[in-house]
Protein chains: 2
Amino acid sequence: MRIGQLAQLVGVETQTIRFYEQQGLLPPPDRQDNGYRVYTEKHGEGLAFIRRCRILGLSLAEIHELQSYQDDPHQPCTAVNALLDDHISHVRSQITALQALEKQLVSLRASCNDDREVEACGVLAGISEGNMHQL
Amino acid sequence: MRIGQLAQLVGVETQTIRFYEQQGLLPPPDRQDNGYRVYTEKHGEGLAFIRRCRILGLSLAEIHELQSYQDDPHQPCTAVNALLDDHISHVRSQITALQALEKQLVSLRASCNDDREVEACGVLAGISEGNMHQL
DNA sequence: TTTAAACTATAAAGCTACTATAAGGTCAAT
DNA sequence: ATTGACCTTATAGTAGCTTTATAGTTTAAA
Ligand SMILES: [Zn+2]
Ligand SMILES: [Zn+2]
Ligand SMILES: [Zn+2]
Ligand SMILES: [Zn+2]
């Protein structure tokens, strides 16, 4: 299988595949005499694994870590579970932060319901006055 | 006021101030004979405005847009309010996406409550099997 | 007074996870 | 023979800084 076929199969761009190879997430495939990369089914599985991890929001570093666990299949999976726990709490804190942000933005927006001149815009005034507890 | 004092006053790093100047968000200040930047109170206000916008999650481009409105104070503030509305909906969609992600991660995590070998880890299996509706 | 700490300057690279562009080699078909 | 689709590498761009390198300036201590 050449790179274009693999890309289409998994639903990524060819550059992304080369990028993952360069980052050490995908093993370098064999090459044809003309230099073209030749991929096996294993590469397809590896690439699909990476993509599913990315969809779950895992960073390339975290994926790398998971791969290192896969290479050592008789270790206890504590580290894998811990990695996911960390990631979940990371996602949760992002959610919390964004919810607080939304609240602030909504109250800021509420300070200017009508059409005024920029000079008197409640939104701009709210930002400029700096009545935000963060700063 | 020199750059270090301004930085301390507003709570940013000096490089960040130079960066904002370079990006056209902060007007270039006068210079001393030795080349050192000299800032006025106005610069402090401008910088604080930028920082508060950043805390609200606004991009530098959005901040630039807001500044252009400030420069034209007798326009109606419709565009300001609209910018904020857009930003709020952006934040909301991020929250929604992250909540869906969290749900998926939690269910994935639940598939491996006990300590097993990596080989049998429910988390890794869950990712590898690809029973995710996205892919 | 010398010297070292603290401050300033510019320019360039690094960070994440790609995406896009450039310039070119290979292959099948027309 | 030439088009078009595919492949190659290398390089730059994205966002918002942060870090590093290198060097000049000011200020305070020894
Ligand atoms: Zn994570
Ligand atoms: Zn308004
Ligand atoms: Zn926005
Ligand atoms: Zn497990």
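Lettering of chains follows the sequences in order, A, B, ..., and the numbering in each one begins at 1.
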**OP:** Could you encode protein contacts along nucleotides 7-12 of chain D as a string, one character per nucleotide from 5' to 3', using B for base contact, S for sugar-phosphate-only contact and - for no contact, with a heavy-atom cut-off of under 4.0 Å?
**Re:** SBB---
Original post:
Should we say atom CD of A/Glu45 is surrounded by more than 12 heavy atoms from elsewhere, each under 6.0 Å from it?
Top reply: yes
Subject >> side chain to side chain contact (heavy atoms under 4.5 Å, CB included), paired with A/Leu6, selected from A/Thr14, A/Leu47, A/Val38, A/Val12 >> reply: A/Leu47
Subject >> Integer-rounded Å distance: D/dG16 P and B/Ile17 CD1 >> reply: 18 Å
Original post:
When rounded to the nearest 0.5 angstrom, what is the spacing between CD in A/Glu102 and CZ in A/Arg109?
Top reply: 14.0 Å
**OP:** Measure from CG on B/Leu6 to C1' on C/dA9 and round the result to the nearest Å.
**Re:** 16 Å
Original post:
Can you tell me how far P of C/dC7 sits from CD of B/Glu13, to the nearest Å?
Top reply: 13 Å
Original post:
How many Å lie between CD on B/Glu21 and C1' on C/dA11, as a whole number?
Top reply: 15 Å
**OP:** Using atom CZ of B/Phe19 as one end and atom P of C/dT8 as the other, report the distance to the nearest whole Å.
**Re:** 19 Å
**OP:** Grab the CE-C1' distance between A/Met1 and D/dC6 for me, whole Å please.
**Re:** 16 Å
Original post:
Between B/Tyr39 (OH) and C/dC7 (C1'), how many Å, whole number?
Top reply: 14 Å
Original post:
If you draw a 6.0 Å radius around CG in A/Asp30, do more than 12 non-hydrogen atoms from other residues or ligands fall strictly inside?
Top reply: no
Subject >> B/Glu41 atom CD, neighbour heavy-atom count above 12 within 6.0 Å >> reply: no
Subject >> B/Pro29 backbone acceptor or donor facing B/Arg37 side chain under 3.5 Å >> reply: no
**OP:** Nearest whole angstrom, please: distance from the P of C/dA9 to the CD of B/Gln32.
**Re:** 9 Å
**OP:** With axes from five pairs an end, tell me the bend angle of the helix from C/dT1-D/dA30 to C/dT30-D/dA1, nearest 10°.
**Re:** 40°
**OP:** Determine, stepwise, if the pair A/Leu66 / A/Cys53 fulfils side chain to side chain contact (heavy atoms under 4.5 Å, CB included).
**Re:** CA-CA 10 Å; A/Leu66 283 184; A/Cys53 286; 4.0 Å; yes
Original post:
Is B/Thr16 near enough to D/dG16 that one of its side-chain N or O atoms lies under 4.0 angstrom from OP1 or OP2?
Top reply: no
Subject >> A/Gln32, CD: over 12 other non-hydrogen atoms inside 6.0 angstrom >> reply: yes
Original post:
Are A/Tyr20 and C/dC18 close enough that a side-chain N or O sits under 4.0 Å from OP1 or OP2?
Top reply: yes
Original post:
In Å, rounded to the nearest 0.5 Å, how long is the span from CD1 of B/Ile55 to CD of A/Gln104?
Top reply: 8.0 Å
